[in-house]
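Read through the structure below, which is laid out as structure tokens, and then see the notes.
The model shown is predicted, which means the values in this text are computed figures rather than measured ones. Positions are given from 1, in the same order as the sequence printed here.
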Amino acid sequence: METGRREMMAMMAVGGAGIAAGAPGEAHAAAAVVPAPVLHHVFFWLHDPASTADRDRLVAGLRTLAAIPVVRALHVGVPADTEARDVVDGSYQVSELMFFDTVADQKAYQDHPIHRQFVADCEKLWRKVVVYDTLRV
């Protein structure tokens, strides 16, 4: 078996993805390994979408959630300036994506005092929240 194929198979065995490209035997990582099987993705629409102060305050509040022990990874973002297509919804102002090891951990996060404080401090900033929770299959 050639070296590139062995490297690609090893990456796939640990949950990564590999794509052979370029010269034979050359492997390149295509994507990072997802840190945990439960994803919690939340989209926020602000009362005042034009307010950078409100956006920044929400982002700062979201970042405090990383201190909750069951949170494996946290990504806080704003809509990317990608190609406009019918399937792309960039109407929100802020999103957060969290990773958990189990559904029970996600529930523990919901009940954690840091999360409760975040909601108390920031809920007046948003007019709408949509949550997507997924489990890796």
Joint cluster assignment, [X] & [Y], ILVMFWY side-chain distance < 4.5 Å:
X: F43; Y: V119; value: no
X: Y132; Y: F99; value: no
X: L74; Y: V38; value: yes
X: V130; Y: L97; value: no
X: V59; Y: L125; value: yes

What distance do [X] atom [atom1] and [Y] atom [atom2] have between them, rounded to the nearest 0.5 Å?
X: D133; Y: L39; atom1: CG; atom2: CG; value: 9.0 Å
X: Q106; Y: L135; atom1: CD; atom2: CG; value: 11.5 Å
X: H112; Y: I68; atom1: NE2; atom2: CD1; value: 5.5 Å

Open item on the list: Walk me through whether E96 and M98 qualify under side-chain contact (heavy atoms from CB on, under 4.5 Å).
Closed with: CA-CA 7 Å; E96 60 100 327; M98 289 184 172; 3.2 Å; yes

Open item on the list: Students often mix this up, so state it plainly: with edges at 30° and 60°, are the rings of F44 and W126 parallel, tilted or perpendicular?
Closed with: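 Ring orientation, 0 to 90° scale: tilted.
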
Does some side-chain heavy atom of [Y] sit less than 4.5 Å from a side-chain heavy atom of [X]?
X: H115; Y: Q110; result: yes
X: V131; Y: H41; result: no
X: L62; Y: V94; result: yes
X: E83; Y: V88; result: no

Task: Ring-ring centroid check Y109 F100, cutoff 6.0 Å - done: yes

Minimum-distance pair of heavy atoms, taken over all atoms of [X] and [Y]:
X: A73; Y: P35; value: CB-CG, 3.8 Å
X: S51; Y: L46; value: O-CD1, 4.3 Å
X: D105; Y: V70; value: O-CG2, 3.4 Å

Task: Under the salt bridge (Lys or Arg N to Asp or Glu O under 4.0 Å) test, residues paired with D111 that sit two or more places apart - done: K107, R116

Open item on the list: Under a 3.5 Å distance rule, please check whether R63 uses its side chain to pair with a backbone N or O of L58 as donor and acceptor.
Closed with: no

Open item on the list: If we ignore hydrogens and angles and just use 3.5 Å, is the side chain of R85 paired with the main-chain N or O of T82 as donor and acceptor?
Closed with: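 Not confirmed, R85 side chain does not pair with T82 backbone.
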
- [ ] Before giving the answer on side-chain contact (heavy atoms from CB on, under 4.5 Å), spell out for Q93 and W45 the whole-Å C-alpha distance, their side-chain angles and the decisive distance to 0.1 Å.
- [x] CA-CA 5 Å; Q93 283 73 54; W45 285 260; 3.8 Å; yes

